[in-house]
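Structure record follows, encoded as structure tokens.
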Amino acid sequence: DAVGGEPRARHVYAAAGAGADVLAAWRETLGERAWVVSGEEAIAAGERDLMLGSRFLGDPLAGGMPQWKYVSNRFLTTVENIAFELHLSEYHTGLRAYSRHLLETIPYHENSDDFVFDQELIAQVVAAGMRRRIGEIAVPTRYFEEASSVGFKRSVVYGLSTLRVVGRYLLHRLRIRRSAKLTRRR
């Protein structure tokens, strides 16, 4: 259960509103043997520069995620984990937190104004050598009739765009076709 490719980091599930109590219990139990923090504290302390909220650290199907979205998310996440050499549970989440350092390091302003922005940003973080600065926290999955959700056609476009980002990253990493978009800012 590694978090963001860091094998010594663990995630813990907490019911809504119980996070502070769970955090306090772990801190009391582990004492000085471990550093126990929330996702927000990890960014504030400088341990992480990108925190992702993951529905897959829980059960997204129980939260109403459609089966086709589940399968496509698993496929894209597997491809990205292989390409980026990470072990994230999910890349396709709307809950993200960025540190100022991260935003000053990568050329995010060159990214798309569409949903694929997030995948481009992760590729930039990895290309900048910051893969160990990515972490995850569990978030609940809630799909319901009134919720805004991307439909099938739009999801196909997003999936293909994500694969294009992965391809661009691999070509850059292998030095076949360098990309200014994946070059760290000075």
Side-chain angles (χ1 to χ4, degrees), residues 1-14 19 22-23 26 34-58 60 65 69-70 72-112 114-141 158-159 161-174 179-186:
D1 294 29
V3 177
E6 172 56 69
R8 293 166 290 168
R10 303 279 179 195
H11 67 272
V12 177
Y13 301 104
V22 171
L23 199 57
W26 274 102
W35 186 54
V36 181
V37 296
S38 68
E40 295 82 5
E41 290 170 325
I43 285 184
E47 291 298 315
R48 296 285 184 253
D49 286 302
L50 171 58
M51 288 298 293
L52 306 173
S54 174
R55 299 165 292 181
F56 285 82
L57 292 175
M65 179 181 277
K69 284 191 177 190
Y70 179 91
S72 57
N73 190 310
R74 295 290 75 213
F75 169 74
L76 290 172
T77 293
T78 299
V79 168
E80 288 170 293
N81 273 333
I82 291 167
F84 299 146
E85 299 177 14
L86 291 172
H87 303 286
L88 297 177
S89 65
E90 176 179 26
Y91 288 77
H92 313 284
T93 173
L95 179 61
R96 293 161 182 272
Y98 311 108
S99 72
R100 178 180 181 156
H101 174 256
L102 179 131
L103 296 175
E104 291 173 343
T105 303
I106 61 170
Y108 68 90
H109 59 281
E110 294 185 26
N111 293 355
S112 169
D114 208 348
F115 290 116
V116 78
F117 171 92
D118 298 325
Q119 307 324 306
E120 291 173 326
L121 188 129
I122 291 175
Q124 290 169 322
V125 169
V126 173
M130 299 171 68
R131 76 171 32 91
R132 294 193 180 276
R133 309 284 299 167
I134 302 172
E136 295 182 285
I137 57 170
V139 295
T141 304
Y158 167 77
S161 297
T162 296
L163 294 174
R164 187 176 70 239
V165 168
V166 170
R168 179 185 308 123
Y169 168 79
L170 290 172
L171 291 172
H172 179 82
R173 187 180 83 193
L174 296 171
S179 171
K181 190 181 272 195
L182 293 170
T183 302
R184 188 179 186 134
R185 287 201 269 187
R186 305 263 180 248

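Because the structure is a prediction, the values reported are computed rather than measured.
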Atom pair CG/OG1 of L88 and T78 - distance to nearest 0.5 Å | 11.5 Å
Atom pair CG/CZ of L170 and F84 - distance to nearest 0.5 Å |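 So the CG of L170 and the CZ of F84 are separated by 7.5 Å.
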Whether [X] side chain and [Y] backbone form a donor-acceptor pair below 3.5 Å:
X: E120; Y: S112; answer: yes
X: R48; Y: S99; answer: no
X: R131; Y: L86; answer: no
X: R184; Y: T105; answer: no
X: R173; Y: A83; answer: yes
X: R74; Y: K69; answer: no
X: Q119; Y: T162; answer: no

With sequence neighbours excluded, residues passing side-chain hydrogen bond (donor to acceptor under 3.5 Å, both in side chains) with [X]:
X: N111; result: Q124
X: T93; result: none
X: Y108; result: none
X: S54; result: S89

Mind checking what makes salt bridge (charged side-chain N to carboxylate O under 4.0 Å, His left out) contact with R96, not counting sequence neighbours?
-> D118
Is any side-chain heavy atom of [Y] closer than 4.5 Å to one of [X]?
X: V125; Y: R133; result: no
X: E80; Y: Y169; result: no
X: T77; Y: F56; result: no

Shortest non-hydrogen contact from I106 to A128?
->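 For I106 versus A128, the nearest heavy atoms are CG2-CB, 4.1 Å.
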Tightest non-hydrogen contact, residues A123 and V165, listed as CB-CG1, 3.9 Å
Apply side chain to side chain contact (heavy atoms under 4.5 Å, CB included) to the pair L52 and E90, showing each step before the final yes or no.
-> CA-CA 8 Å; L52 306 173; E90 176 179 26; over 6 Å; no
Output all residues satisfying side-chain contact (heavy atoms from CB on, under 4.5 Å) with S179, sequence neighbours left out; order by chain, then residue number.
-> R168, H172, K181, L182
Ignoring hydrogens and angles, state whether a donor on the side chain of N81 or Y91 is under 3.5 Å from an acceptor on the partner side chain.
->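 Checked: N81/Y91 side chains pair up, N/O donor to acceptor below 3.5 Å.
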Side chain to side chain contact (heavy atoms under 4.5 Å, CB included) between L103 and D49, intermediate numbers included = CA-CA 9 Å; L103 296 175; D49 286 302; over 6 Å; no
